[in-house]
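To start, the structure under review is shown below, and the notes come after it.
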2 protein chains.
Amino acid sequence: MENDAPTASKASKSEQTRSLILETAMRLFQERGYDKTTMRAIAAEAGVSVGNAYYYFASKEHLIQGFYDRVTQEHIAATRAAMHGRTDFPERLQAALTAWLDVAEPYHGFAVQFFRNAADPDSPLSPFSAESYPARQTVVDLYREVLAGSTMKLDTEMAEILPELLWLHQMGIVLFWVYDRTPNSTKTRDFVRRTTPMVARVMNLSRYKLIRPLVRDADKLVRDFIVPEAVEPAGHKASQSQR
Amino acid sequence: MENDAPTASKASKSEQTRSLILETAMRLFQERGYDKTTMRAIAAEAGVSVGNAYYYFASKEHLIQGFYDRVTQEHIAATRAAMHGRTDFPERLQAALTAWLDVAEPYHGFAVQFFRNAADPDSPLSPFSAESYPARQTVVDLYREVLAGSTMKLDTEMAEILPELLWLHQMGIVLFWVYDRTPNSTKTRDFVRRTTPMVARVMNLSRYKLIRPLVRDADKLVRDFIVPEAVEPAGHKASQSQR
DNA sequence: CACCCCACTTGAACGCGTTCAAAAGGAGGG
DNA sequence: CCCTCCTTTTGAACGCGTTCAAGTGGGGTG
């Protein structure tokens, strides 16, 4: 995750321990769910002490960041594969969203915990937090790609903020998914299938005279309130414990 | 919350204890925040035992339901007062949203904690849960009122689902508010001020031929996926303990 | 009055996430 | 070889939400 530069040629002892704990945690979360996996159990299973786990991860929640990063990486790869050769925008968008559902499905059980954090602005895990800005930007870029590779025509004004909006749209889908208890998230998949063409139609409409002023206002609104200007630079980095 | 019907003419001893605990909890939550208020502290301050608190409230979270109900009641009253005499839809909508912000402001500090828990579909406190269906419906009815009292014209099809959508819209605003750290939630208030007329414009547009099919699809989508048909009746009542 | 029943109350105990002072390595420097 | 200074590791201990077996008390019944 972090760069580790200084020494290490392949994988310092420290780095090994760290990922051993992370892997163990991820496995147990998947096997027993988040709540039923205790820090003691993770430590025991990994063959270290509880305190050691806390040396590498500031809290139990921070272990989830591992899940988040992993899902994001797989999501991007899967989306690129699924979009390959397609230029129809709705198809590409649907590919991206369906890919997310495929990748995240195994974690559905404890994804709830993830979303709990989303509602807490103080949590570094919140998708809106400064700490997760890089991860967020990665996904925004993915949607930029979804858009760029399509034949969809829209004015530059719109094109600029759209990736951000599509990311927000994905967050909405994820919220829907978290609440969805149907097997294999069938309901969410249907929702996506029916929602995607509508999104495309709204985007098309945005070129009509009638709607233009509304679009312009919406654009300005998003710029003023939603998209952060570069995010405050100042020190954080304090994501880990370091006494 | 529960009905208590059987005996009690004015306020059975039981009912007194119950509300004593609730009032104490609400006060401490406000004074110290949710996390820093311990169940032991609540019990001590109320002059009862911890176990007794758990006799009346299944969990610490359940105490928050009190906050939720109170805010809802005040919100409805404040909105009616603010809308009085106005028939312009955007004005009425803005009145409703601003009223919420006014009423909820004192609790901003621990509303975060509340929303954290609310994001959990398993929690009875979730705004989407079956348990909070009545409370939700109360607010949906409020928005029905906002709409009905306005001069805004829209076809019946639209008018039917719109209250639900406006409730959803309010949820979005609340999410925004939770993240807003400006004094007196100025940013959220600006957001509402600028957002409200746009909502009205979208609603107006919905009558144009060009957009009609889109609206029809959206309507169907909402009916199929969002608005629950009376909420499943069956078990899973098992969310809480009850000896 | 004695008895029972049951709504109500108690507080010790449990399991959890988290903290922290202290120990153990281990890599240089003398 | 020892001393020093970090990084890493340990596990007991703390405070919390929650549970539960054991009371307590008052009203109805015989």
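- Straight-line distance from the OH atom of B:Y54 to the C1' atom of C:dC14: 13 Å, rounded to whole Å.
- Taking atom CE of B:M39 as the reference point, atom P of C:dC14 lies 20 Å away to the nearest angstrom.
- Between the two ends of the helix from C:dC1-D:dG30 to C:dG30-D:dC1, each summarised by a five-pair axis, the helix axis turns through 30° (rounded to 10 degrees).
- A:R40 is linked by a salt bridge (Lys or Arg N to Asp or Glu O under 4.0 Å) to nothing, counting only residues two or more places apart in sequence or in another chain.
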Only distances under 3.5 Å count here; give the side-chain donor-acceptor pairs of residues 42-52 of chain B to other protein atoms, sequence neighbours excluded, each with its distance to 0.1 Å.
residue, atom, partner, partner atom, Å
B:E45, OE2, B:R27, NH2, 3.3
B:S49, OG, B:N52, N, 3.3

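- Between A:A53 and B:V50, the residue anchored nearer the 5' end of DNA chain D, judged by the nucleotide with its closest heavy atom, is A:A53.
- Residue B:S14 places at least one side-chain N or O closer than 4.0 Å to OP1 or OP2 of C:dC8.
- Taking only distance into account, the side chain of B:R40 meets the base of D:dG17 through a donor-acceptor pair shorter than 3.5 Å.
- Rounded to an integer number of Å, the gap from CG of A:D35 to P of C:dG17 is 8 Å.
- To the nearest angstrom, P of C:dT9 lies 10 Å from CG of B:L20.
- Every residue two or more places apart in sequence or in another chain was checked for a salt bridge (Lys or Arg N to Asp or Glu O under 4.0 Å) with A:D180, and none qualifies.
- If you measure from atom NZ of B:K60 to atom P of D:dC16, you get 9 Å, rounded to the nearest angstrom.
- In terms of the salt bridge (Lys or Arg N to Asp or Glu O under 4.0 Å) criterion, A:D35 has no residue partners (sequence neighbours excluded).
- Not counting sequence neighbours, B:F57 has no partner by the ring-ring contact (aromatic ring centres under 6.0 Å, His included) test.
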